[in-house]
Structure formats: structure tokens, C-alpha cells
Amino acid sequence: MRIVVQRVKEAQVEVEGKVVGKIGKGFLVLLGVTHNDTKDQADYLVKKLCKLRIFTDENDKMNLSLKDVEGELLIVSQFTLYADCTGGNRPAFVEAAKPEKANELYEYFCSECEKNEIHVEKRNFWCSYESKSAK
């Protein structure tokens, strides 16, 4: 499981001009899942994410977490975090989990974040793709 975290003042996801997910201050999180990821790995990342202290305090030191600043999460599924471009210029996605497994862990990850009393906006884009190696 891989996550990319970006601290934001605000963030939103639009699909065909329509806003489908929006937050104020918080984290925009891209979440990728591979074949052998487990709920234990998701639990570890949720704990780290929710306690990550990268907001500044009154002394301008990065010392505050999402809860401390009443921040929100916008979690976006991103199978491309497992792209492999070593075999050429066309990425292979063979390391990305199939949509059924990825969706299950994505939903679990989001629900565990919500259990930390953090507002979560979700946008799940798991889609079908062919797992062919780029040779």
C-alpha cells in the first residue's frame, strides 16, 4: 500500500465539471493498493496519517496533526502509484491490485480514518485495466 500526502488549504476533485469531493484545510491523499496488501498495513498507515504532525503551531514549527487543526481528508484512489516504467515508455500496472481487492482496502482505509473523528471525503476511481507487461 502506498500513499502520497499533500498538505492543503483546500482541495477538490471534479469530474466532468462537477465537484465530487471537497475539503478545507487538511490532507489530499492518493492511495494505491497492491496484490498482497492487508488490513494490518492499512491500519499502520491510517495511524501514521492521522497522527502526522505537519501543520505549524504558534511558534511556526511543524508540530500539529489533523485533529489538532480540525483538518479533513480527501482520499483519492490511485492505482497508478504502482506503475512500472522499467520495461519501456508504456507503464505496466501488474503490481496494482485488481479493482475488487483495491476497492475493499480503499473503503476499509477510509472507514478507519473516520474512526479517528476526522471528516473524510472519498473519491474512488478504481477502474478496469489490463495487466500486461510493457516490454
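Atom set for the values below is all heavy atoms of this structure, side chains included, hydrogens, waters and symmetry mates excluded.
With a 4.5 Å cut-off on side-chain heavy atoms, V29 and L49 count as touching. Between V33 and E104 there is no side-chain heavy-atom pair separated by less than 4.5 Å. Contact annotation: the side chain of T34 approaches that of D37 to within less than 4.5 Å [non-hydrogen atoms, C-beta and beyond]. A heavy-atom distance below 4.5 Å is found between the side chains of E121 and I23.
In terms of modelled atom types and a separation under 3.5 Å, the side chain of D57 and the main chain of N63 share no donor-acceptor contact. Judged purely by atom type and a 3.5 angstrom limit, E72 uses its side chain to pair as donor or acceptor with the backbone of G24. Side-chain atoms of K101 come within 3.5 Å of backbone atoms of H35 as a donor-acceptor pair (strictly under, hydrogens ignored). Checking side-chain atoms of Y44 against main-chain N and O of K39 turns up no donor-acceptor pair under 3.5 Å. N103 contributes no side-chain N or O that, together with a main-chain N or O of E100, makes up a donor-acceptor pair within less than 3.5 Å. Between the side chain of D60 and the main chain of T56, no donor-acceptor pair closer than 3.5 Å is present. Looking only at distances, a side-chain donor or acceptor of Q41 sits under 3.5 Å from a matching main-chain atom of T38.
For the atom pair K47 NZ and K51 NZ, the distance stands at 5.0 Å (nearest 0.5 Å).
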Side-chain donor-acceptor contacts of residues 2-13 below 3.5 Å, not counting sequence neighbours, with atom names and distances?
{"from": "R2", "atom 1": "NH1", "to": "L81", "atom 2": "O", "distance (Å)": "2.7"}
{"from": "R7", "atom 1": "NH1", "to": "I54", "atom 2": "O", "distance (Å)": "2.5"}
{"from": "Q12", "atom 1": "NE2", "to": "E14", "atom 2": "OE2", "distance (Å)": "2.8"}

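Listed here is the closest heavy atom pair of C110 and V120: O-CG2, 4.1 Å. Contact detail for M1 and Y82: the closest heavy-atom pair is N-OH, 2.9 Å.
With ring centers used as reference points, F93 lies under 6.0 Å from F79.
Using modelled atom types and a 3.5 Å distance limit, the side chains of D68 and S65 yield a donor-acceptor pair.
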Practice task
Please step through side-chain contact (heavy atoms from CB on, under 4.5 Å) for the pair K67 and I118, ending with a clear verdict.
Solution key: CA-CA 7 Å; K67 266 185 125 169; I118 296 171; 4.2 Å; yes
